Amino acid sequence: TNVSFTGDIDPFAGKPALTLNEVRLTDLTLGKMIFENLVTTGSNSFLVNLASDNMQVDEFAFINSRLINYRSAIRLQNKAITTNKISFDFCNLDNMGDYGVINIGGNNVKLDTLSFKRSTLVNLATQLMDVRTNVGYIYIGNCTFYNQSRALSQLLRFDNGAGKLPLQVVTEANIISGNNSGAKINSLSFDMSSTALNVSFGGSYRTNELVINKYEFSGITVFAGTAGDLFVDPENYNFRIKPESGFGGRGSAGDPRWFD
């Protein structure tokens, strides 16, 4: 059985809007759950919150959708839950977090792949993800992050306990911007140098108004300016690159929907 929340895009009105606080699963087994072509708004809730043993979901997919005001999009509590894939592609995520857009509660959860691609993420709280199991592969690529009115403590929160650290994390061609509501930020939740996990932010960029707490974004290029210097009008959700900015990642870094 698959579950799909899919909208028909009106050429004038855009994506259909849906107020949806939570999706609850009554069966232990599900094929795919898909959110596509929608603007979905919650009330600081968990959109999906699985908390039972022996649950199996093949895939959670968010495609060309906008999610607003969720504590997490997907929360998998530390139960015997198996999921092959969680993916976001061509999405907009606004005012999300606290628990992380993705929250994996412990190593009883088995997850193969987690990805964020070609998406814009605005005013996240606490972290993008809180993952405490050995996910096989995490990918974050061509995403634009802008935090101005809310604060991230770290972008990625992992756990160094046995069987809890992801096996591979790849990030590339992202832009991390904004003043993080004046708070200091870490790339990662702890020093990974003593672990087998190497997380590099090479090929990505951050603006210079971000103040690093302890852990810099390894390999990242610092843009010599603020988000206001880089983007046309970030306060009004226009993340096109200013032609005069001199930005080295123009046309290659960030959400490609903002490319000229």
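Residue numbers run from 1 in the order of the sequence given. In this text the structure is predicted, and so the values were computed from the model without any measurement.
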Kindly compute the distance separating CZ (Arg206) from CD1 (Ile212), expressed to the nearest 0.5 Å. 4.0 Å
Output the distance between atom CD (Glu216) and atom CG (Leu210), rounded to the nearest 0.5 Å. 9.0 Å
Which heavy atom in Ala253 sits nearest to a heavy atom in Phe259, and how many Å separate them? O-CE2, 3.3 Å
Quick one: are Leu155 and Ile176 in side-chain contact, heavy atoms under 4.5 Å? yes
Roughly how far, to the nearest 0.5 Å, is OG of Ser149 from CD of Glu235? 8.0 Å
Out of curiosity, does Leu47 fall in the hydrophobic cluster containing Val101 (side-chain heavy atoms, cut-off under 4.5 Å, transitive links)? yes
Determine, for Asp112 against Lys85, whether the closest basic-nitrogen to carboxylate-oxygen distance falls under 4.0 angstrom. no
Are Ile220 and Leu230 grouped together when hydrophobic residues (ILVMFWY) are joined by side-chain heavy atoms under 4.5 angstrom apart? no
Out of the candidates Val135, Leu50, Leu76, only one should pair with Val109 under the side-chain contact (heavy atoms from CB on, under 4.5 Å) rule; please name it. Leu76
First locate atom CZ of Arg132, then atom NZ of Lys164, and finally report the distance between them rounded to the nearest 0.5 Å. 7.5 Å
Rounded to the nearest 0.5 Å, how far does OG of Ser43 lie from CG of Asn21? 3.5 Å
Please determine whether residues Val232 and Val122 belong to a single hydrophobic cluster, defined as Ile, Leu, Val, Met, Phe, Trp and Tyr linked transitively by side-chain heavy-atom distances below 4.5 Å. no
Salt bridge check: are Asp89 and Arg118 linked by an N-O gap of less than 4.0 Å? yes
Validation row: Ile140, Asn174 side chains within 4.5 angstrom (heavy atoms): yes
With a 3.5 Å cut-off and no angle check, do the side chains of Tyr139 and Glu172 form a donor-acceptor pair? yes
Any side-chain to backbone donor/acceptor pair from Asn95 onto Ile68? Under 3.5 Å, distance only. no
Does any N or O in the side chain of Glu209 come within less than 3.5 Å of the main-chain N or O of Ala227, such that one atom is a donor and the other an acceptor? yes
Hydrophobic cluster identity match, Leu18 and Phe62, side-chain contacts under 4.5 Å: yes
Side-chain ion pair, Asp229 and Lys242, N-O less than 4.0 Å: no
Can you tell if the side chain of Leu20 reaches within under 4.5 Å of the side chain of Phe5, non-hydrogen atoms only? yes
Leu25-Ile74 co-clustered via ILVMFWY side chain contacts under 4.5 Å: yes
Between Ser65 and Asn37 (side chain of the first, backbone of the second, donor and acceptor by atom type, cut-off under 3.5 Å), is there such a pair? yes
Min side-chain heavy-atom separation Val23-Met33 under 4.5 Å: yes
Run Arg257 and Asn92 through side chain to side chain contact (heavy atoms under 4.5 Å, CB included) and show every step you take. CA-CA 11 Å; Arg257 293 175 296 176; Asn92 296 72; 3.1 Å; yes
Looking at Arg150, is its backbone amide N or carbonyl O close enough to the side chain of Asn147 to form a donor-acceptor pair, meaning the two atoms are under 3.5 Å apart? yes
Without swapping roles, check the side chain of Asn103 against the backbone of Tyr99 for a donor-acceptor pair under 3.5 Å. yes
Taking every heavy atom of Lys15 against every heavy atom of Val39, the minimum-distance pair comes out as CB-CG2, 3.9 Å
Hydrogens and angles aside, do Asn78 and Asn108 bring a side-chain donor and acceptor to less than 3.5 Å of each other? yes
Test side chain to side chain donor-acceptor pair (under 3.5 Å) on Asp27 and Thr29 and set out the steps. CA-CA 6 Å; Asp27 294 339; Thr29 302; over 6 Å; no
Can Asp260 and Arg250 be counted as an ion pair, charged N to O under 4.0 angstrom? yes
Separation of Gln127 CD from Ile185 CD1 (nearest 0.5 Å): 11.0 Å
State whether the side chain of Asn180 and the backbone N or O of Leu152 hold a donor-acceptor pair below 3.5 Å, judged by distance alone. yes
N/O donor-acceptor pair under 3.5 Å between Ser119 side chain and Cys91 backbone: yes
Parallel, tilted or perpendicular: which fits the ring planes of Phe201 and Phe217, with parallel below 30° and perpendicular above 60°? perpendicular
For Ser87 and Glu59, which heavy atoms make the closest approach, and how far apart are they? OG-OE2, 4.1 Å
Just say parallel, tilted or perpendicular for the rings of Phe239 and Tyr237, cut-offs at 30° and 60°. perpendicular
Residues Glu22, Arg71: salt bridge by 4.0 Å N-O rule: no
Evaluate whether atom CG of Asp8 has more than 12 neighbouring non-hydrogen atoms of other residues, nucleotides or ligands under 6.0 angstrom away. no
Hey, which of Trp258, Tyr205, Phe231 is the one that makes ring-ring contact (aromatic ring centres under 6.0 Å, His included) with Phe247? Tyr205
Donor-acceptor pair, Asn134 side chain versus Pro166 backbone, under 3.5 Å? no
Are Phe46 and Tyr70 near enough that their ring centres are under 6.0 Å apart? no
Test side chain to side chain contact (heavy atoms under 4.5 Å, CB included) on Phe145 and Leu124; report intermediate values, then the result. CA-CA 9 Å; Phe145 295 87; Leu124 304 183; 4.3 Å; yes
Does a side-chain heavy-atom distance below 4.5 Å link Asp130 with Ile102? no
Flag for Asn69-Asn44: side-chain donor and acceptor within less than 3.5 Å: no
Can you check whether Ser72's main-chain N or O pairs, donor with acceptor, with Asp98's side chain at less than 3.5 Å? no
Could you check whether any side-chain heavy atom of Thr83 comes within less than 4.5 Å of a side-chain heavy atom of Lys110, counting everything from C-beta outward? no
Decide side chain to side chain contact (heavy atoms under 4.5 Å, CB included) for Val199 and Leu188; before the verdict, give the C-alpha distance in whole Å, the side-chain angles of both, and the deciding distance to 0.1 Å. CA-CA 9 Å; Val199 181; Leu188 306 163; 4.1 Å; yes
Close side-chain approach of Leu165 to Thr195, heavy-atom, < 4.5 Å: yes
Please check: side-chain N/O of Asn142 versus main-chain N/O of Gly254, any donor-acceptor pairing under 3.5 Å? yes
Go through the steps for Gln77 and Asn49 under the test side chain to side chain donor-acceptor pair (under 3.5 Å), then give the verdict. CA-CA 7 Å; Gln77 297 192 35; Asn49 183 7; 3.0 Å; yes
Could you go through the side chain to side chain contact (heavy atoms under 4.5 Å, CB included) check for Thr226 and Asn208 one step at a time? CA-CA 6 Å; Thr226 67; Asn208 68 359; 4.1 Å; yes
Measure the shortest side-chain to side-chain distance between Thr40 and Arg66 over non-hydrogen atoms and say whether it is less than 4.5 angstrom. no
